[in-house]
Number of protein chains: 2
Amino acid sequence: MNQSSAPCLTQECGDCPIRHRAVCARCEPDELQLLDEIKYYRTYEAGSHIIWAGDRMDFVGSVVSGIATLTQTMEDGRTQMVGLLLPSDFVGRPGRDGAAYDVTATTDVVMCCFRKKPFEQLMVRTPHVAHRLLEMTLDELDAAREWMLLLGRKTAREKIASFLSIIARRDASLNLRAAKGALVFDLPLTREAMADYLGLTLETVSRQISALRKDGVIELEGKRHVIVPDFDRLLEEAGDDSDGGMLA
Amino acid sequence: MNQSSAPCLTQECGDCPIRHRAVCARCEPDELQLLDEIKYYRTYEAGSHIIWAGDRMDFVGSVVSGIATLTQTMEDGRTQMVGLLLPSDFVGRPGRDGAAYDVTATTDVVMCCFRKKPFEQLMVRTPHVAHRLLEMTLDELDAAREWMLLLGRKTAREKIASFLSIIARRDASLNLRAAKGALVFDLPLTREAMADYLGLTLETVSRQISALRKDGVIELEGKRHVIVPDFDRLLEEAGDDSDGGMLA
DNA sequence: GCACGTATTTGACGTAGATCAAGCAAGAAT
DNA sequence: ATTCTTGCTTGATCTACGTCAAATACGTGC
């Protein structure tokens with residue numbers, strides 16, 4: 001995940017990666033101009049909170065580099081991750097005033113933000129953007145529902161395998177790697193954060209990763225660097241009934 | 001939940017309840033006219049499938065009466081509910097061709113449908129509708145994320161209490177009941193369907209309902225009719241940290 | 001090199017909830 | 001009336017995962 005200062009996440013983009021990734025692939029030049037005018041960058045240190053649940057949120061935007069998480073916490077400290085934000089992912093809820101979840105930078109994060117009010121005004125005028133937002137929200141809803149199946153019905157081993165395949169897939173689409181042969185990627189989260197993602201404890205996460213390694217489903221170099229010799233095997237372990245259109 | 005043939009879900013509505021509940025509270029008369037032209041009703045028998053995951057879906061619409069569920073099923077039969085559709089709830093994914101989940105009528109269901117193509121064309125012309133759709137999708141996303149906390153981190157007892165409070169809340173807002181005093185409602189699902197909602201087995205659901213009854217948190221008349229003498233007590237049991245704006 | 005803090009692994013043990021297996025209640029069919 | 005069916009409850013076990021605790025690995029600064 002060493003995107004560090006990656007200025008560009010796709011071949012075709014200009015200086016701001018989100019222009020088409022997250023917000024608008026089909027905007028007219030004058031619309032892009034408007035977007036540029038209300039755009040600014042912010043950086044957050046690893047471990048810092050970008051927003052607290054309930055805070056007034058005066059921007060929307062997307063992640064340029066680094067990793068952030070959306071989490072919910074109960075009074076007694078139990079926490080569940082409900083969103084994982086990798087580079088190019090969108091943050092914010094047009095039309096909503098407050099943040100619904102804690103947003104935390106788990107690595108150093110660069111965000112590309114738009115002031116919310118003018119962004120919403122732009123939305124009204126440009127159906128492109130409104131349409132794209134709906135599409136993105138539907139994608140997130142689909143992801144949330146897959147996630148619900150994982151949380152509600154999968155075993156610990158299946159959860160880990162699912163997580164690895166999700167990360168591998170996102171990593172591959174992000175980096176346009178050669179899709180043949182072994183998949184190689186770095187885990188973007190600590191064992192504890194993975195546990196919060198999967199509804200497990202960090203010990204169980206660690207044990208299941210060890211088990212998958214022992215069984216030859218994955219190889220590990222260090223703690224974070226993962227090699228998947230056979231992606232189909234991993235998908236089997238995940239209990240997924242489709243290959244998910246890796247190359248779609 | 002005996003809405004049976006309820007022609008109207010709010011005080012102000014006309015013959016089609018979804019006009020403002022689900023699609024548009026602020027449409028102009030000519031826009032409503034257009035909606036009327038592409039509108040039709042369908043009924044489904046209890047237990048029948050409205051759509052299978054992967055099927056081409058040529059309509060969007062909303063539930064007029066009855067109860068339907070969205071579910072995902074793994075190859076070995078484990079199933080997880082990912083959506084519960086009560087009267088006034090919207091179904092369908094504008095801009096998507098296929099259904100992503102199985103949609104099943106758990107009681108007799110009446111749906112008010114719009115043909116998808118013309119509905120999407122209407123969306124382009126009427127920002128009201130597009131905006132309302134985004135809002136509804138964001139609501140669903142919020143619900144999904146609450147649900148994820150429930151599935152990932154709550155105990156069986158908390159899951160049941162959460163479910164009861166969700167149903168009580170929805171029922172109250174649907175029926176505009178007196179909010180003071182004991183809450184009274186019917187469970188819209190079998191124990192098995194509740195189990196699929198909560199990521200439990202039906203036996204555990206049954207046991208925990210019995211336990212809540214024994215502890216005086218709820219009373220039962222028959223199997224489905226529930227009385228909640230103290231809603232705050234129920235919310236405590238659910239592990240929720242807010243009252244959720246019952247009367248908001 | 002050495003002390004210190006954080007991330008991770010591994011082990012021993014306990015428990016919440018699953019599984020397997022009977023019963024029971026109430027409506028529908030004969 | 002009596003059998004069936006479907007939904008629900010309850011009991012007896014089993015086990016996957018959580019909990020508690022200790023050891024190891026990997027920096028990072030001195």
Side-chain angles (χ1 to χ4, degrees), chain A residues 1 45-47 67 74 76-80 106-107 150-164 186-215 218-226 237 239, chain B residues 1 45-47 67 69 74 76-80 104 106-107 150-164 186-215 218-226 237 239:
Chain A
M1 281 287 144
E45 275 185 21
I67 289 136
M74 296 172 69
D76 61 4
R78 281 176 283 175
T79 83
Q80 175 64 51
T106 62
T107 66
L150 177 150
L151 290 171
R153 293 303 188 194
K154 289 191 176 179
T155 64
R157 173 183 262 245
E158 288 169 338
K159 286 179 176 183
I160 298 289
S162 298
F163 177 76
L164 293 175
D186 287 312
L187 291 172
L189 299 178
T190 64
R191 299 292 187 263
E192 185 176 24
M194 287 177 64
D196 286 341
Y197 186 112
L198 299 169
L200 297 170
T201 59
L202 70 161
E203 292 95 329
T204 299
V205 169
S206 178
R207 271 186 254 271
Q208 295 297 337
I209 289 178
S210 298
L212 287 176
R213 186 170 49 69
K214 186 145 46 189
D215 296 347
I218 59 171
E219 288 157 40
L220 276 180
E221 263 167 32
K223 311 289 186 184
R224 298 289 194 92
H225 193 71
V226 179
E237 293 284 352
Chain B
M1 281 291 144
E45 276 185 20
I67 290 135
T69 63
M74 295 172 69
D76 61 3
R78 281 175 283 175
T79 82
Q80 174 64 50
T104 313
T106 62
T107 66
L150 178 150
L151 290 171
R153 293 304 188 193
K154 289 191 177 179
T155 65
R157 173 182 262 244
E158 288 169 338
K159 285 179 177 181
I160 298 289
S162 298
F163 177 75
L164 293 175
D186 287 313
L187 291 173
L189 298 178
T190 65
R191 300 291 188 261
E192 186 176 22
M194 286 177 63
D196 286 341
Y197 186 112
L198 299 169
L200 298 170
T201 59
L202 68 159
E203 292 96 329
T204 300
V205 169
S206 179
R207 271 186 253 270
Q208 295 297 337
I209 289 178
S210 299
L212 287 176
R213 186 171 48 68
K214 186 147 45 190
D215 296 347
I218 58 171
E219 289 158 38
L220 277 181
E221 264 169 29
K223 311 290 187 184
R224 297 288 194 93
H225 194 73
V226 179
E237 292 285 352

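So you know, we letter chains A, B, ... as the sequences are listed, proteins then strands, and number each from 1. When reading the values below, keep in mind they use all heavy atoms of this one structure, side chains included, and skip hydrogens, waters and symmetry mates. Being a predicted model, the structure only gives us computed values, none of them experimental.
For C/dA18, one of the phosphate oxygens OP1 or OP2 lies less than 4.0 angstrom from a side-chain nitrogen or oxygen of B/Thr201. Between A/Ser206 and C/dT9, a side-chain N or O to OP1/OP2 separation shorter than 4.0 Å is present. A sub-4.0 Å separation between OP1 or OP2 of C/dT6 and a side-chain N or O of A/Thr190 is absent.
A/Arg153 contributes no side-chain N or O that, together with a main-chain N or O of B/Gln80, makes up a donor-acceptor pair within less than 3.5 Å.
Spacing between atom CD of A/Glu192 and atom C1' of D/dT19 amounts to 15 Å, rounded to whole angstrom units. Rounded to an integer number of Å, the gap from A/His225 NE2 to C/dT8 P is 16 Å. The distance between atom CG of A/Leu220 and atom P of D/dC26, rounded to the nearest whole Å, is 12 Å. The nearest whole Å value for the distance from the CD atom in A/Glu203 to the P atom in D/dC17 is 14 Å. Protein atom CZ of A/Arg153 is 12 Å distant from nucleotide atom C1' of C/dG17, rounded to whole Å. Atom-to-atom, CE of A/Met194 to P of D/dC17 comes out at 15 Å; the value is rounded to the nearest Å. For A/Leu202 and C/dT9, the CG to P distance is 9 Å, given to the nearest whole Å. As a whole-Å value, the separation of A/Leu198 CG from D/dC17 C1' is 13 Å.
Closest to the side chain of A/Arg213, out of C/dG17, C/dT10, D/dG18, is C/dT10. Considering only side-chain atoms of A/Ser210, the nucleotide from C/dG17, C/dT9, D/dT9 that sits closest is C/dT9. Considering only the side chain of A/Arg191, C/dT9 comes nearest among C/dT9, C/dG17, D/dC8.
Each of B/His225, B/Arg224, B/Lys223 was scored for a side-chain hydrogen bond (donor to acceptor under 3.5 Å, both in side chains) with B/Asp186, with one residue passing: B/His225. Residue B/Asp196 forms a side-chain hydrogen bond (donor to acceptor under 3.5 Å, both in side chains) with just one option from B/Thr201, B/Thr79, B/Thr190, and that option is B/Thr79.
If you check distances only, the side chain of A/Arg207 does reach the base of C/dG11 with a donor-acceptor pair under 3.5 Å.
Within 4.0 Å of A/Gly47, counting heavy atoms only, lies no atom of the nucleic acid at all. Using a 4.0 Å heavy-atom cutoff across all strands shown, A/Leu200 reaches sugar-phosphate atoms only and no base atom. Counting non-hydrogen atoms under 4.0 angstrom, A/Arg224 reaches the backbone sugars and phosphates but no base. As judged by a 4.0 angstrom heavy-atom cut-off over every strand, B/Gly199 is placed among residues touching the sugar-phosphate backbone only.
At least one side-chain heavy atom of B/Ile209 sits less than 4.5 Å from a side-chain heavy atom of B/Met194.
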### Task
Take A/Leu189 and A/Phe163 through the side-chain contact (heavy atoms from CB on, under 4.5 Å) test and state the conclusion after the steps.
CA-CA 11 Å; A/Leu189 299 178; A/Phe163 177 76; 3.9 Å; yes
